[in-house]
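This structure is a prediction, so every number in the text was calculated from the model and none was measured.
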Amino acid sequence: QVQLVESGGGLVQAGASLRLSCAASGRTLNGYSVAWFRQPLGKEREFVAAVRSTGGTTAYADPVKGRFTISRDSAKNTVDLQMNSLKPEDTAIYYCAAGRGVILSQLRRQEAFGSWGQGTQVTVSS
C-alpha cells in the first residue's frame, strides 16, 4: 500500500475554484490508478474522478464533468483535482484513493482502491 495525504481544501464561494492535491509518500504514484471520491455530510461516499495507471485514461462523474479535471504531476508525485465553477452541492469531504491493477470497468468503484487518504474538507457557500 501507499500512504496518501490530501491537501487544498477550504471554504470558498460558489463559482470559485480550488485545487486539491493527493501526495504519496514512500512510493511513486505512476504505477497506480488514482481516484477522487467525496462524501457529503450524512450521505454515502461517491465517485468524482479517476485517472488510470495504464494509458492515463480519465473518468468523471456526471455532476463534475466539464468543471473538474484530474491530472498527474509526476515530478511532485501527486495527483491533482482542479475544481472550477464550484457549487454548494460540491460541499463534501474529498478523499483520494490509489490502487494497482484497476481495470477500466472498476475505475469508479471504491472497492478497487486499496489505499486511502484521510480526506480534506471542501465547503462551497452560496
Side-chain angles (χ1 to χ4, degrees):
Q1 291 187 345
V2 59
Q3 291 187 330
L4 304 173
V5 177
E6 303 94 337
S7 62
L11 170 63
V12 296
Q13 290 188 334
S17 298
L18 278 175
R19 188 175 184 89
L20 304 183
S21 187
C22 175
S25 60
R27 295 186 181 184
T28 176
L29 279 176
N30 287 344
Y32 290 81
S33 295
V34 178
W36 286 91
F37 293 84
R38 67 185 181 186
Q39 187 167 19
L41 186 64
K43 297 184 178 181
E44 293 186 352
R45 192 157 56 186
E46 61 186 18
F47 170 77
V48 176
V51 56
R52 197 161 168 238
S53 60
T54 305
T57 302
T58 58
Y60 296 92
D62 286 344
V64 308
K65 203 171 291 184
R67 299 188 297 124
F68 291 11
T69 303
I70 190 169
S71 61
R72 291 184 185 270
D73 188 329
S74 296
K76 296 181 180 179
N77 199 27
T78 64
V79 172
D80 299 336
L81 185 68
Q82 178 67 40
M83 306 187 296
N84 298 329
S85 303
L86 283 163
K87 304 176 181 180
E89 51 264 43
D90 294 318
T91 295
I93 300 174
Y94 282 71
Y95 299 89
C96 70
R100 283 190 175 276
V102 179
I103 61 177
L104 191 57
S105 62
Q106 294 178 326
L107 205 54
R108 299 166 184 260
R109 301 181 66 85
Q110 298 182 46
E111 55 266 32
F113 299 89
S115 299
W116 289 80
Q118 294 298 310
T120 185
Q121 176 71 46
V122 171
T123 303
V124 184
S125 63
S126 58

Using side chain to side chain contact (heavy atoms under 4.5 Å, CB included), reason through N84 and Q82 one step at a time and then give a plain yes or no. CA-CA 6 Å; N84 298 329; Q82 178 67 40; 2.9 Å; yes
What do the steps show when you test S53 against N30 for side-chain hydrogen bond (donor to acceptor under 3.5 Å, both in side chains), and what is the final call? CA-CA 6 Å; S53 60; N30 287 344; over 6 Å; no
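Not one N or O on the side chain of T123 forms a donor-acceptor pair closer than 3.5 Å with the backbone of T91. The backbone N or O of V48 sits nowhere less than 3.5 Å from a side-chain atom of R108 that would complete a donor-acceptor pair. Although no hydrogens or angles enter the test, the distance criterion places no donor-acceptor pair under 3.5 Å between the side chain of D80 and the main chain of I70. Formation of a donor-acceptor pair under 3.5 Å by the R52 side chain with backbone atoms of V102 is found in this model. Under a 3.5 Å cut-off, the side chain of Q121 and the backbone N or O of G9 do not form any donor-acceptor pair. With hydrogens and angles disregarded, no donor-acceptor distance shorter than 3.5 Å links the side chain of S85 to the backbone of R67.
In terms of heavy atoms, V2 sits closest to A98 at CG1-CB, 3.9 Å. In terms of heavy atoms, S126 sits closest to A14 at CA-CB, 4.4 Å. Minimum heavy-atom separation, R109 to S105: CD-O, 4.2 Å. The minimum heavy-atom distance linking W36 with C22 is given by the pair CZ2-CB, 3.5 Å.
Remark: D90 engages R38 in a salt bridge, criterion side-chain N to carboxylate O under 4.0 Å. Classification of K65 and D62 as a salt-bridged pair holds, one side-chain N sitting under 4.0 Å from a carboxylate O.
Aromatic rings of W116 and F37 (six-membered ring for Trp) have centroids within the 6.0 Å cut-off, being under it.
The environment of R19 atom CZ is dense: over 12 non-hydrogen atoms of other residues, nucleotides or ligands sit within 6.0 angstrom. By the 6.0 Å contact criterion, CD on Q1 is open, its count of non-hydrogen atoms from other residues, nucleotides or ligands being 12 or less. Counting heavy-atom neighbours within 6.0 Å of Q118 CD, excluding the residue itself, gives a total of 12 or less.
Between Y94 and M83, some side-chain heavy-atom pair lies under the 4.5 Å cut-off. Under the 4.5 Å side-chain criterion, counting only non-hydrogen atoms from C-beta, Y95 is not in contact with L4. Between L18 and V122, the closest side-chain pair of non-hydrogen atoms falls below 4.5 Å. The closest side-chain heavy-atom distance from R45 to Q110 is below 4.5 Å. Between I93 and T120 the shortest side-chain heavy-atom distance does not fall below 4.5 Å. Side chains of L107 and S33 form a contact here, defined as non-hydrogen atoms less than 4.5 Å apart.
T78 and D73 form no side-chain donor-acceptor contact under 3.5 Å, judged by distance and modelled atom types alone.
Criterion: ILVMFWY side-chain heavy atoms under 4.5 Å apart, direct or through other members. Under it, L86 and L81 are part of a common hydrophobic cluster. A single hydrophobic cluster is seen to contain both Y60 and V124, as judged by linkage of ILVMFWY side chains at heavy-atom distances under 4.5 Å, directly or through other members. Note: the hydrophobic cluster containing L20 also contains V79 (ILVMFWY, side chain heavy atoms under 4.5 Å, direct or indirect links). Note on F113 and L104: same hydrophobic cluster, where clusters join Ile, Leu, Val, Met, Phe, Trp and Tyr whose side-chain heavy atoms are under 4.5 Å apart, directly or indirectly.
In terms of the side chain to side chain contact (heavy atoms under 4.5 Å, CB included) criterion, residue partners of R100 (sequence neighbours excluded) are, by chain and number, Y32.
Taking CG from L29 and SG from C96, the interatomic distance works out to 8.0 Å, rounded to the nearest 0.5 Å.
Screening residues 6-15 for side chain to side chain donor-acceptor pair (under 3.5 Å) gives no qualifying pairs among residues at least two apart or on separate chains.
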